[in-house]
Amino acid sequence: MRPLGLLDRLIFKLLYKIKEKFFEKFLMYILIIDTITIVITSSYNSSILTLFIISMGLLLTEYSFIGNDFKNEFQRYEKYLELKEKRASS
């Protein structure tokens with residue numbers, strides 16, 4: 001994959017940041033927000049809990065799909081960032 005357009009580059013960078021840095025924090029924030037929402041509204045329905053479990057499962061599978069599908073592209077992008085840092089320091 002070679003991101004040519006501006007939108008393609010922005011989406012690629014967003015996927016890279018989510019995969020590398022923000023995903024663990026992102027899941028923790030979702031867990032905290034959902035737990036607080038369930039406690040505040042005191043809705044302990046099985047449907048609410050089922051939706052929460054399904055949404056967490058979808059997020060986890062999406063993370064693995066992003067990691068597997070873009071593995072080579074992410075490695076190339078990391079090499080590009082390293083070269084960019086070396087050139088900037090020279």
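This structure is a prediction, so every number in the text was calculated from the model and none was measured. The first residue of the sequence shown is numbered 1, and numbering continues consecutively from there.
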Among residues at least two apart in sequence or on other chains, which ones pass side-chain contact (heavy atoms from CB on, under 4.5 Å) with [X]?
X     : answer
Ile54 : Thr50, Leu58
Gln75 : Lys71, Asn72
Ile33 : Thr37

Give, for atom OH of Tyr77 and atom CD of Glu82, the distance between the pair rounded to the nearest 0.5 Å.
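Answer for the OH-CD pair, Tyr77 versus Glu82, is 12.5 Å.
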
